[in-house]
Engineer: 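Next up is a structure, given as structure tokens.
Values below: every heavy atom of this structure, side chains too, minus hydrogens, waters and symmetry copies. Protein chains get the first letters and strands the later ones, always in sequence-line order, with residue 1 at the start of each.
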Protein chains: 2
Amino acid sequence: MKRKDDRKVGQIFQAALKLVVSKGLSGITMGDISKAAGIATGTLYVYFKSKDELINALFAACRENSVAHSFKGYDPAQPYKVGFKHVWLNILRYRLHNFEEAVFMEQCYHSPFITPETREKASRLAAPYNELLERGKKEQLLKPVDTGLLITFLVGSMNELVKQTHYHGTTLTRTRINTTFDMCWDALKS
Amino acid sequence: MKRKDDRKVGQIFQAALKLVVSKGLSGITMGDISKAAGIATGTLYVYFKSKDELINALFAACRENSVAHSFKGYDPAQPYKVGFKHVWLNILRYRLHNFEEAVFMEQCYHSPFITPETREKASRLAAPYNELLERGKKEQLLKPVDTGLLITFLVGSMNELVKQTHYHGTTLTRTRINTTFDMCWDALKS
DNA sequence: AAGATAAGTGAATAAATATTCATTTTTAAT
DNA sequence: ATTAAAAATGAATATTTATTCACTTATCTT
């Protein structure tokens, strides 16, 4: 009895992500994906019931990955700003190294593919970010504005920074990274 | 001899925008658009040679509209921060009132629809924004970092703010607007 | 008012794409 | 080694969607 090949799901995901960057979410077909993944079209249906399901699964996987990486090595015992910067850097690095995921996620935001359940699941994963910012407000280091707004600035500026870096091929020197962090911190700090 | 109805292009654009918000760029069909615009599918082809051309035209129109509104009433004679806030408010208001356009533009970013020419044309329209930020640096009010980075923060935070406001149905009180502006200004100011 | 010209129509066609399925290949278990 | 069960295949099918076109309707010009 042959078993499903776990690496294959990874190949499929990688192929799909690569294609979304070059052709957009609207431009990818099951044929494209299978070809890029080096498998037959029919095989896609061994792993996913439909295109919708494939995309929802990829969306969920990206989201989980991203959140998991954000808090790697975060130590709440350290001073707030140190921990905050640690997470900020984690996010930045993750997005730069996984640019395709960021693009894919953005495209999914307004697509009919993602089901309400998938969205719901994704938004529950936001809790750690909320806590991080709440703590900053409690310690009176961050502006006493609602957490949503703080996150807005955090992710908004990060998103654009990543895009800018990626497309203009800017090299992110340590100095530039620090400058950027300072801008973000200045926006949030009280 | 019957003439083309100029309002019809507007109807088509409005219909397409509405659909992109609800179904994503990947989800819209020519049939959907024509139905939403209240015309026959064939009529779309009187005004646009193809779906691609329709989308490129819409993209260009949105971009022009948006830029045109940004600098309405901007008076370079006023103190820098006053003018800057004026433009910032213009952008915010425009995006909130034309949320669909913002969504559409974002979706287009990584789509195969938009041709290099259309992109090129759009990016040329960025000049006024660049000038605005250059001036701020010249007057030593803004951080002496590269203009691209300043714009990154400006538009990044704005984008997310607009999304957050729209989706969470937050009412933007004058206070909240000012808080948000302050965050942005704090990020940019030297 | 008549004629001419182009817009408007929507069913028909063409093209693209998702999905299925009969068949082959692989591999785990015996 | 044989068998059985499931994966893998890709051509065939079903579905969706862009585009065309023969025809109708509107309106500008004279």
Engineer: Is the B/W185 ring parallel, tilted or perpendicular to the B/F181 ring (thresholds 30°, 60°)?
Structural biologist: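 Parallel, since the angle between the ring planes stays under 30°.
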
Engineer: Measure the spacing between OH of A/Y47 and CD of A/Q11 and express it to the nearest 0.5 Å.
Structural biologist: 9.0 Å

Engineer: Looking at every strand, decide which applies to B/T29 at a 4.0 Å heavy-atom threshold: base, sugar-phosphate, or nothing.
Structural biologist: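 B/T29: backbone/sugar contact only, no base atoms under 4.0 Å.
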
Engineer: Would you kindly give the CD1-to-C1' distance between A/I12 and C/dA18, to the nearest whole Å?
Structural biologist: 15 Å

Engineer: Once you apply a heavy-atom cut-off of 4.0 Å, does B/L54 come out as touching a base, just sugar-phosphate, or nothing?
Structural biologist: nothing

Engineer: Using a 4.0 Å heavy-atom cut-off across all strands, classify A/F48 as base, sugar-phosphate, or nothing.
Structural biologist: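 Touches nothing.
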
Engineer: Near DNA chain C, which residues from residues 17-25 of chain B have a heavy atom under 4.0 Å away?
Structural biologist: none

Engineer: Would you grab the first and last nucleotide of DNA chain D (5' to 3') that comes under 4.0 Å of any non-hydrogen atom in chain A?
Structural biologist: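 The footprint of chain A covers D/dA4 to D/dG10.
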
Engineer: Applying salt bridge (Lys or Arg N to Asp or Glu O under 4.0 Å) to A/R135 and A/E131, what does each step give before you reach the verdict?
Structural biologist: CA-CA 6 Å; A/R135 180 184 158 197; A/E131 281 161 27; over 6 Å; no

Engineer: Grouping I, L, V, M, F, W and Y whenever their side-chain heavy atoms are under 4.5 Å apart, do B/V87 and B/Y94 come out in a common cluster?
Structural biologist: no

Engineer: Once you round it to whole Å, what is the distance between C1' of C/dT9 and NZ of B/K4?
Structural biologist: 16 Å

Engineer: Reading nucleotides 19-30 of chain C 5' to 3', which nucleotides get B (base under 4.0 Å from a protein heavy atom), which S (sugar-phosphate only), which -?
Structural biologist: BB-----BBBS-

Engineer: Are A/K163 and B/Y109 in a cation-pi contact, defined as NZ or CZ under 6.0 Å from the six-membered ring centre and within 45° of the axis?
Structural biologist: yes

Engineer: Verify, without hydrogens or angle tests, whether A/S157 (side chain) and A/F153 (backbone) share a donor-acceptor contact under 3.5 angstrom.
Structural biologist: yes

Engineer: Could you state whether B/L96 and B/L161 fall into the same hydrophobic cluster, counting links through intermediate Ile, Leu, Val, Met, Phe, Trp or Tyr residues with side-chain heavy atoms under 4.5 angstrom apart?
Structural biologist: yes

Engineer: Could you see if B/V82 belongs to whatever hydrophobic cluster contains B/Y129? Use Ile, Leu, Val, Met, Phe, Trp, Tyr and a side-chain cutoff under 4.5 Å.
Structural biologist: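 No, it is not one cluster - the side chains of B/V82 and B/Y129 are not joined through contacts under 4.5 Å.
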
Engineer: Would you indicate what B/I39 reaches in the nucleic acid, counting non-hydrogen atoms under 4.0 angstrom: base, sugar-phosphate, or nothing?
Structural biologist: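 Sugar-phosphate, no base atom in range.
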
Engineer: Strictly distance-based, threshold 3.5 Å: is any side-chain N or O of B/D32 a donor or acceptor partner for the main-chain N or O of B/I28?
Structural biologist: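 No, the answer is negative, given that no donor and acceptor are paired below the 3.5 Å cut-off.
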
Engineer: Rounded to whole angstroms, how far apart are CD on A/E53 and P on C/dA18?
Structural biologist: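 Nearest whole value for this atom pair: 15 Å.
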
Engineer: Rounded to whole Å, please give me the gap between CG in B/D5 and C1' in C/dG8.
Structural biologist: 11 Å

Engineer: Within the distance-only criterion (no hydrogens, no angle test), does the side chain of A/H166 pair as donor or acceptor with the backbone N or O of A/V162 below 3.5 angstrom?
Structural biologist: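 No, the answer is negative, given that no donor and acceptor are paired below the 3.5 Å cut-off.
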
Engineer: Check the orientation of A/Y167 and B/H110. Use parallel for under 30°, tilted for 30 to 60°, and perpendicular for over 60°.
Structural biologist: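 Ring orientation, 0 to 90° scale: tilted.
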
